[in-house]
Number of protein chains: 2
Amino acid sequence: MERIGFIGLGTMGLPMAENLLKAGYSLVVFNRTSDKSEKLRVLGAQIAACPADVTRMSDVVFTMLSNDAVVEEVFLGKEGIKYGVKSGQIIVDSSTISPKTSRKLAEELGSLGAEVLDAPVMGTEQQAIEGNLTFMVGGKKENFEKVLPLLSSMGKNSYHMGGSGNGSFTKLANNTMGAINLLAFTEGIIMATKVGIDPELFIKVISGGARSGMVDYKGEKIIKRDFQPNFTTALMHKDLSLAQQLASENQIPMPVLSLVREMLQMAIAQGYAHEDVCSVVKCYEQWAGVEAGKIH
Amino acid sequence: MERIGFIGLGTMGLPMAENLLKAGYSLVVFNRTSDKSEKLRVLGAQIAACPADVTRMSDVVFTMLSNDAVVEEVFLGKEGIKYGVKSGQIIVDSSTISPKTSRKLAEELGSLGAEVLDAPVMGTEQQAIEGNLTFMVGGKKENFEKVLPLLSSMGKNSYHMGGSGNGSFTKLANNTMGAINLLAFTEGIIMATKVGIDPELFIKVISGGARSGMVDYKGEKIIKRDFQPNFTTALMHKDLSLAQQLASENQIPMPVLSLVREMLQMAIAQGYAHEDVCSVVKCYEQWAGVEAGKIH
């Protein structure tokens, strides 16, 4: 049985690593803070001292990190993955980052004979726990096929989206659509509530028409005024900024994406950066003079 | 058994009237052009000479018309419904129009003792044929309950949304959300296609994430380049214009709605007014330099 490395044991990474253990793989892990690693050590994982060591001690390495800068540091920085790779080794990055960074890592590690896949996921923490994630993978198809059994221990669906970076690109396009769908829902429910329509009834009715994943994910949160983050405004704004930059570099006009990014910037200005992205509804409540809690 | 009047036998009105006939109601109809009326006459409906006559000959009258101006003409114009109503008679308008017009009709006919409900529908021609529409109804609750058996002959779900105009308001808010969701999908699929991701695979993948009714309704049409209208760009633009005007009157800022309306204006400028609203994707193809048919 292969030995798998796992770097980054956050909200998503920890349950993903646990599912690899449950599937019978032996695991070697690294996390910046050690309490998460401890939890896995009790379950049988080895703890390594740095990303380079994880890489030396493993056949395949997974990373699940928070942004481009952290990914670059873990891959290319001091005691990074780069200093541990062997020829032919596959590194799978499940972070949501820019396709440009994904391609850069694939090139840099490729020059050392290693293979990098960008494999960001769709799904919540709960889906990560249940092994019910969706992987969108960019890179060589034969490498995708080699790691497919590993992906299948953590997710229900895995798709090969094309060459290096296309996994990251798919994730950003998906999040762009999600953010715009959220603003569609926000403007719709504000409009309805302002004229006296019951917001819960409104959600029920439009679910037979202008339905969306965002109505399903955020409808109840908005009604219950639960702005605890499943996905923060700051993270969505980061993703839209990446998407906008890429669209610009590819000369694709994205007017609606751009506006929605600005709306989230306003939510951040109002202090909602670390609340759930659906807290943008509170900005609209203020602008429209809809009493906070009227959408209850 | 009651006798029901039906005015406006277009794409939606004709199958709706047929379902009333099938449910055993006797029907008296009027349409500006007579060929549609003929079809119903063969099935047992009576044909009246004008809206006023339909109203005189019926207990409850339904209207299904194309826009505010036509609705006003049929209700208040020469030989209009107004000149045939009796006290207590219920008129149900299923057209998609401004809530302001809905309220005006309720007031004008109310002064003659009649009762008007705004009851626009969600659903396609196919759903109208199958009796599977959703009615969103504004007006007095007791009147909603009186006509509920009639609505149930034509639709699966009927909701009382509140006072006069709230049915129309719900429909406009739903269409606003739908149009924004469509633009979300359009920007997402253009972005993906431009960087070489297979558009059919993209649709499959995002259906597990940023899914929406619009992806379901329009995904296959866009892939097949079928721009035959289920709902034209011109009609959606009309609805967004109504929604924007209402939002403005109610002092609700709706930046995303406003931008999406402008995007559809651009599609109209390109000659797509009478194609399906999803033809806006052709504008984006041109702007982004995505070869027409690459989304195939």
Side-chain angles (χ1 to χ4, degrees), chain A residues 99 122-123 134 136 157 159 161-163 165-166 169-170 172-181 183-185 187-192 194-198 201-202 204-206 208-214 243 246-247 250-257 259-260 262-263 284 287-290, chain B residues 99 122-123 134 136 157 159 161-163 165-166 169-170 172-181 183-185 187-192 194-198 201-202 204-206 208-214 243 246-247 250-257 259-260 262-263 284 287-290:
Chain A
M122 282 191 307
T134 296
M136 298 154 281
N157 297 298
Y159 299 101
M161 304 309 297
N166 275 14
F169 224 117
T170 304
L172 288 177
N174 177 76
N175 284 11
T176 296
M177 285 181 60
I180 301 174
N181 288 343
L183 268 286
F185 179 36
E187 294 202 354
I189 199 168
I190 282 288
M191 197 172 162
K194 179 81 190 262
V195 301
I197 293 166
D198 176 65
L201 179 60
F202 179 73
K204 189 172 174 185
V205 173
I206 57 109
R211 66 180 178 275
S212 72
M214 277 293 167
L246 285 161
N250 285 282
Q251 295 172 290
I252 312 170
M254 298 280 272
V256 186
L257 153 63
L259 174 59
V260 167
E262 298 309 321
M263 302 317 290
Y284 277 86
W287 297 326
V290 170
Chain B
M122 282 191 308
T134 296
M136 299 154 280
N157 297 298
Y159 299 101
M161 304 308 298
N166 275 14
F169 223 118
T170 304
L172 287 177
N174 177 76
N175 284 12
T176 295
M177 286 180 59
I180 300 174
N181 288 343
L183 268 285
F185 178 36
E187 293 200 356
I189 199 167
I190 282 289
M191 197 171 162
K194 178 81 191 261
V195 300
I197 293 165
D198 176 65
L201 179 59
F202 179 74
K204 190 173 173 184
V205 174
I206 55 108
R211 66 179 179 275
S212 71
M214 276 295 166
L246 285 160
N250 285 283
Q251 293 171 291
I252 312 170
M254 298 279 273
V256 186
L257 153 63
L259 175 58
V260 167
E262 298 309 322
M263 302 316 290
Y284 277 85
W287 296 326
V290 170

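Here is how names work: the chains are called A, B, and so on, in the same order as the sequence lines, proteins then strands, and each is numbered from 1.
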Are the side chains of [Y] and [X] in contact, using a 4.5 Å heavy-atom criterion?
X: B:Met214; Y: A:Asn181; result: no
X: B:Ile190; Y: A:Ile252; result: yes
X: B:Asn250; Y: A:Met191; result: no

Where on [X] is there a heavy atom nearer than 4.5 Å to chain A: the side chain, the backbone, both, or neither?
X: B:Ala243; result: both
X: B:Met177; result: both
X: B:Val256; result: both

Between [options], which shows the greatest number of heavy-atom pairs under 4.5 Å with chain A?
options: B:Gly123, B:Gly163, B:Ala210; answer: B:Ala210
options: B:Glu262, B:Arg211, B:Met122; answer: B:Arg211
options: B:Ala247, B:Pro99, B:Gly165, B:Pro253; answer: B:Pro253

Most contacts with chain B, counted as non-hydrogen pairs under 4.5 angstrom, among [options]:
options: A:Phe169, A:Phe185, A:Phe202; value: A:Phe169
options: A:Thr170, A:Thr134, A:Leu246; value: A:Thr170
options: A:Leu201, A:Leu183, A:Val205; value: A:Val205
options: A:Gly209, A:Gly162, A:Gly188; value: A:Gly209
options: A:Ala288, A:Ala192, A:Pro255; value: A:Pro255

Quiz item: What part of A:Leu259 lies closer than 4.5 angstrom to a heavy atom of chain B: side chain, backbone, both or neither?
Solution: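 Just the side chain, heavy atoms under 4.5 Å.
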
Quiz item: With only heavy atoms counted, which part of A:Tyr159 is less than 4.5 Å from chain B, the side chain, the backbone, both or neither?
Solution: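 Contact with chain B is through the side chain of A:Tyr159 alone.
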
Practice problem: Answer yes or no: is there a donor N or O on one side and an acceptor on the other, between the side chain of B:Glu187 and the main chain of A:Thr176, under 3.5 Å? | Solution: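 No, because the side chain of B:Glu187 does not come within donor-acceptor range (under 3.5 Å) of the backbone of A:Thr176.
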
Quiz item: Looking at CE of A:Met254 and OH of B:Tyr284, how far apart are the two atoms once the value is rounded to the nearest 0.5 Å?
Solution: 8.0 Å

Practice problem: Of all the heavy-atom pairs spanning B:Asn174 and A:Ile206, show the shortest one and how long it is. | Solution: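 The answer is OD1-CG2, 3.6 Å.
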
